[in-house]
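These numbers come from a predicted model, not from an experiment. Read the numbers this way: they start at 1 and go in the same order the structure lists the ligands and their atoms.
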Amino acid sequence: MSNNIRPENMARITTPALADQFISEQIDALRAQIGDSKVLLALSGGVDSSVVAALLIRAVGRQLTCVHVNHGLLRKGEPEQVIEVFRNQLNANLIYVDAVDRFLDKLAGVSDPEQKRKIIGKEFIDVFAEEAKKLDGIRFLAQGTIYPDIVESKGVKAHHNVGGLPEELNFELVEPVKLLYKDEVRMVGKQLGLPDGMVYRQPFPGPGLGVRCTGAITRDRLEAVRESDAILREEFAKAGLEGRVWQYFTVVPDMRSTGITDGKRTWNWPVIIRAVNSVDATSATVEEIPYSLLLKIRDRIFREVKGVNRVLYDLSCKEPATIEYE
Ligand code: XMP
């Protein structure tokens, strides 16, 4: 499809002024496309869907309904940030769906990574479709498709994609950033006034923390992933590494080992720290984190995260490892 190909003479958005120009052109184009119809958007809180939401709010205000599904696999503070930014600051029409129990109940006892991904993807579509059916008169579905999604996967967005909706929900697509590269989307987001924490967010997989709580997900181990990830992110930010290291996170594998606390034997999990640099995720090198910072993170994890008796640092590059653990 020709409108899915970035014209060779399309200027790269490299300055705030060019981002402003893109924003004003898109607002006109969105108003022309949408008229007085209603639009629906699955808002994950990632940079792409957040930028699309902010553009649509400027263009058509409350004709946009955003649906934020909390599947229980989000990072600490993410659902709260989506509500704060979009509902409280931007006055968006935001439906927040607490689907945590529903997802975690479906995932209970499932250890196969592909099966876990399938369940998360299917459940997400089901929850979103249920919300969509409750709304009257929606004509358009907005998506945060960006240019690499089109180039790499022929337009099928792996992580935000709500394609696969039931036939009766046959919406027309609105994809205002589909010809932009990630750095351009970030520049547009910055100009739209989104917080830096959203604009410069590191890549986060669609199945969320689910792929970092390996094997069958349990609520307590998931909590250990979420809490240790929050500590890692906080300490990286304090050390000035935020936005400088490509992707960093913790993993709590489905494995226990012996330990000792107050003279008593424990049988607990390790937390693995992973911090990698990459350009396009096809290969990755390991970030050389200062040893003192690693020790600080270790101490906080031992103090603040329940059920953990070891902290490990992953030295593996891609290849032979992948970035994620599942
Ligand atoms: P791997 O683990 O394959 O990851 O080296 C490469 C990049 O892709 C992200 N990733 C995913 N993103 N759904 C996603 O949306 C997934 O299932 C998924 N698995 C990996 C990963 O975080 C890294 O940035």
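By the 3.5 Å distance cut-off applied to N or O atoms, K318 is counted among the residues near ligand 1. Checked against a 3.5 angstrom limit, the closest N/O atoms of A281 and ligand 1 fall outside it. Among the atoms of G206, some N or O lies under 3.5 angstrom from an N or O of ligand 1.
Remark: among candidates E114, E326, R117, the nearest residue to atom 19 (N) of ligand 1 is R117, based on non-hydrogen atoms.
Judged purely by atom type and a 3.5 angstrom limit, T261 has no side-chain atom pairing as donor or acceptor with the backbone of K264.
In summary, the side chains of T214 and E326 do not present any donor paired with an acceptor at a separation below 3.5 Å, with no hydrogens or angles considered. Looking at Y325 and D314, their side chains do bring a donor and an acceptor atom within 3.5 Å of each other.
The contact set between ligand 1 and W246, taken as ligand atoms under 4.0 Å from a residue heavy atom, comprises 24 (O). Residue P207 has at least one heavy-atom neighbour below 4.0 Å for each of these atoms of ligand 1: 13 (N), 16 (C), 17 (O). Per-residue contacts place T322 under 4.0 angstrom from the following atoms of ligand 1 (heavy atoms of the residue considered): 1 (P), 2 (O), 5 (O).
One hydrophobic cluster, built from ILVMFWY side chains closer than 4.5 Å, cannot hold both Y248 and V251; they sit in different ones.
Within 6.0 Å of atom CD in E242, 12 or fewer heavy atoms from other residues, nucleotides or ligands are found, so the atom counts as exposed in its surroundings. In this structure, K318 places its NZ atom where more than 12 heavy-atom neighbours from other residues, nucleotides or ligands lie under 6.0 Å away.
At a heavy-atom distance under 4.0 Å, no atom of Y325 approaches ligand 1. Proximity of S278 to ligand 1, defined as any heavy-atom pair under 4.0 Å, is not found for any part of the residue.
In this structure, K38 does not pair ionically with D136, as no charged nitrogen and carboxylate oxygen lie closer than 4.0 Å.
Not a single heavy atom of F249 lies less than 4.0 angstrom from ligand 1.
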